[in-house]
Novice: 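My questions all concern the structure below.
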Amino acid sequence: MALTNTSIRYGGVTKFFHWLTALLILTLIALGLYASDLPHDTQAALTRKAWLFSLHKTLGVTVFFVALARIVWAFTQPKPGLLNADHRLESWLAETVHWVLYGSLVIVPLAGWINHAAASGFAPIWWPLGQSLPFIPKNTTVEHAFGALHVISGKLLIGALILHIAGAVKHHVVDRDSTLRRMLPGEAVVGPLPAQHHSAAPVITATVVWVAAIAVGLGLGLGQQSDQPAPTETAALEDVASDWQVQDGTIALEVTQFGSVVAGSFADWTSAITFDDTVQSGKAGDVTTTVAIPSLSLGSVTDQAMGADFFNSEAFPTAIFQADINATADGYVAAGSLTIKDQTIPVDLPFTLTLQDDTARMTGSTTLDRRNFGIGETVTDESTLAFSVTVNIDLTATRGQ
C-alpha cells in the first residue's frame, strides 16, 4: 500500500491519521461525558473524577497536535475525488461536514486547553511542559468563555461525526461504492470517477457554521459569568470603625491539589486596626479581620471549597482573625487566633511594614493546616489535597484623622 495519496486513493499516512484521530475522538467523547456526571463528594470519587479528566485533557492535547500534523499532511497531498460528485447536493454536504470536522479537530481541543490554562487547579495535563499557555491569564472570565466554547464546539463535533459516519454507511450499504473501502487497509478497487465539481461553497458554509458556534459558545460563557452574582453581593460585610483605614489589599490562598497549586482570594473582608508606629518593642496595636467565606474565588474548585466537608460556607459564612500587633527586632508579628467554622486555633502572622507619612503598606504570609479547622476531613491523602494552605496578605492602610 502506497504511503501517499493519489487522485483516486488514500495513502497509508492519511489512513493512519484518519483512524488514529477517530479512536482518540471517540475515546475523548466517552471520557468527557462519563467524567462530567461523576460525583466528587468523597476522596475516592474526587480522585477518580480528576484522574479521568486528566486523561481527557491529555488526550485532548494529543488530538490537537495530531490534527495539526494531519492538516499539514492533507495540504501536501492530492485529495481523492468524490465518488458521488455527480450528486451536487450530497457532495456539497459531504465536503461541508469534512471541513466542519477539520475545524473541530483544532477548535474543540484548543478551547478546552485554553479553559484549562485559564483555570486554577484540578486535573492537570500529564506532561512535563507546565499547565499554562502563553498570553492566557488565570482568569475566570476567560475560563468560563472557553469552557462554554469547548462544550458547544464539542456538540458540533458530535453532530458532524454522526453525519460523517451516516454518510460512510450510506455509501457502503446503499450506494455500494468504494468510499468507505478507500479508507480501510489495503487497496480498494475504484472505478472511473465522475466529473468533479470544485467549489468554495463547502468551505464557506463550514466557516459560517464555525463563526456561529464560536459566537454562541463565547457568548454563553460570558453570559454565565455575568449572571453570577459578584462575591461582594453574596456576602457583603458592614464597614468597621478603625484607626487605620484599609484602602486596598488582598487576602489570598494557595492550596495544592493533585500536585498543582490552586490560587484564590477573598473579595469581601474588613479589618479594624489600631497601631502606634512609635512603639519599637512589644505590643504596638491590635487587629480584628472578618472575612466573608462565600466571597472566595478558588478557580475551578470554588464550589467544592464552599461545600459542607470544606468551608461549609452556608453554616459558617465568616472567618475571624483577632490578634495583637507586636513589634520585634525582625519586624512585626500579628499574634492571635483564627476562627474558621467552629474551630479557633492560635496563629502567628509575621509581616513587613513600610511607612510613609500616614500610609502603611503591609505584606505577610503564614501557613495553616486545613485539618485544624475541619476542612476537607474526608480527604486524607496529601497527593489529592495537601494539608498545608498558604495565606498571603497584602494591604495598604491610611491613618485616620
Side-chain angles (χ1 to χ4, degrees), residues 231-232 235-256 261-298 305 311 316-375 386-401:
T232 53
L237 298 175
E238 295 182 0
D239 292 337
V240 295
S242 177
D243 293 349
W244 288 77
Q245 295 291 330
V246 175
Q247 301 303 312
D248 59 69
T250 58
I251 298 179
L253 296 181
E254 290 183 358
V255 303
T256 303
V261 174
V262 186
S265 62
F266 294 94
D268 191 15
W269 52 275
T270 62
S271 283
I273 304 169
T274 64
F275 176 67
D276 184 351
D277 56 312
T278 64
V279 175
Q280 301 297 309
S281 179
K283 182 177 178 179
D286 56 61
V287 59
T288 298
T289 297
T290 302
V291 179
I293 297 298
S295 73
L296 174 65
S297 175
L298 196 59
F311 277 109
F316 303 99
T318 58
I320 298 176
F321 177 58
Q322 294 178 304
D324 292 334
I325 300 175
N326 298 317
T328 71
D330 299 323
Y332 293 92
V333 177
S337 62
L338 174 62
T339 300
I340 299 178
K341 298 172 74 170
D342 55 356
Q343 302 295 318
T344 300
I345 303 297
V347 170
D348 287 348
L349 174 67
F351 64 91
T352 59
L353 191 68
T354 303
L355 283 166
Q356 184 174 3
D357 298 327
D358 290 329
T359 300
R361 167 78 183 277
M362 172 267 189
T363 58
S365 180
T366 191
T367 300
L368 307 174
D369 190 324
R370 62 177 174 80
R371 297 171 297 177
N372 291 335
F373 301 96
I375 294 177
F387 300 144
S388 297
V389 177
T390 301
V391 181
N392 299 307
I393 299 177
D394 186 340
L395 63 84
T396 299
T398 56
R399 193 196 316 263
Q401 303 298 322

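Every value quoted in this text rests on a predicted model; they were computed, and no experiment measured them.
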Novice: Rounded to the nearest 0.5 Å, how far does CD of E254 lie from CG of L298?
Specialist: 10.5 Å
Novice: Measuring only between side-chain heavy atoms, which start at C-beta, is V391 closer than 4.5 Å to L253?
Specialist: yes
Novice: So which heavy atom on S365 is nearest to which on N392, and how close?
Specialist: OG-OD1, 2.8 Å
Novice: Looking at D348 and V333, would you say the former's side chain and the latter's main chain have a donor-acceptor pair under 3.5 Å?
Specialist: no
Novice: Within this structure, what is the CG-OG distance for the pair L296 and S265, rounded to the nearest 0.5 Å?
Specialist: 7.5 Å
Novice: Without hydrogens or angle criteria, can the side chains of D286 and T274 be said to hold a donor-acceptor pair below 3.5 Å?
Specialist: yes
Novice: A side-chain contact here means heavy atoms from C-beta on lying under 4.5 Å apart; do V240 and T288 qualify?
Specialist: no
Novice: Tell me if a side-chain donor or acceptor on S271 pairs with a main-chain N or O of I273 at a distance below 3.5 Å.
Specialist: no
Novice: Shortest non-hydrogen contact from K341 to I375?
Specialist: CD-CG1, 4.2 Å
Novice: Are the ring centres of F373 and F316 closer than 6.0 Å?
Specialist: no
Novice: How many angstroms lie between atom CD1 of I393 and atom CD1 of I251, to the nearest 0.5 angstrom?
Specialist: 5.0 Å
Novice: Could you report the tightest heavy-atom contact between T250 and W269, atom names first, then the distance?
Specialist: N-CZ2, 3.9 Å
Novice: Which atom names give the shortest non-hydrogen contact between G364 and L349, and what distance separates them?
Specialist: C-CD1, 4.0 Å
Novice: How far does CZ of F351 sit from CG of D394, to the nearest 0.5 angstrom?
Specialist: 12.5 Å
Novice: If you measure from OG1 on T396 to CD on Q356, what distance do you get to the nearest 0.5 Å?
Specialist: 11.0 Å
Novice: How close do A272 and A241 get, counting heavy atoms only, and between which atoms?
Specialist: CB-O, 3.6 Å
Novice: Please check: side-chain N/O of D324 versus main-chain N/O of N326, any donor-acceptor pairing under 3.5 Å?
Specialist: no
Novice: Does atom CG of D248 have more than 12 heavy-atom neighbours from other groups under 6.0 Å away?
Specialist: yes
Novice: Any chance you could lay out the side chain to side chain contact (heavy atoms under 4.5 Å, CB included) test for T398 and T359, step after step, and finish with the verdict?
Specialist: CA-CA 4 Å; T398 56; T359 300; 3.7 Å; yes
Novice: Got a second to check how far I345's CD1 is from D369's CG, nearest 0.5 Å?
Specialist: 9.5 Å
Novice: In this structure, which one of D277, D357, D243 forms a salt bridge (Lys or Arg N to Asp or Glu O under 4.0 Å) with R399?
Specialist: D277
Novice: Taking all heavy atoms of W244 and all of A360, pick out the closest pair and write down the distance.
Specialist: CZ3-CB, 3.7 Å
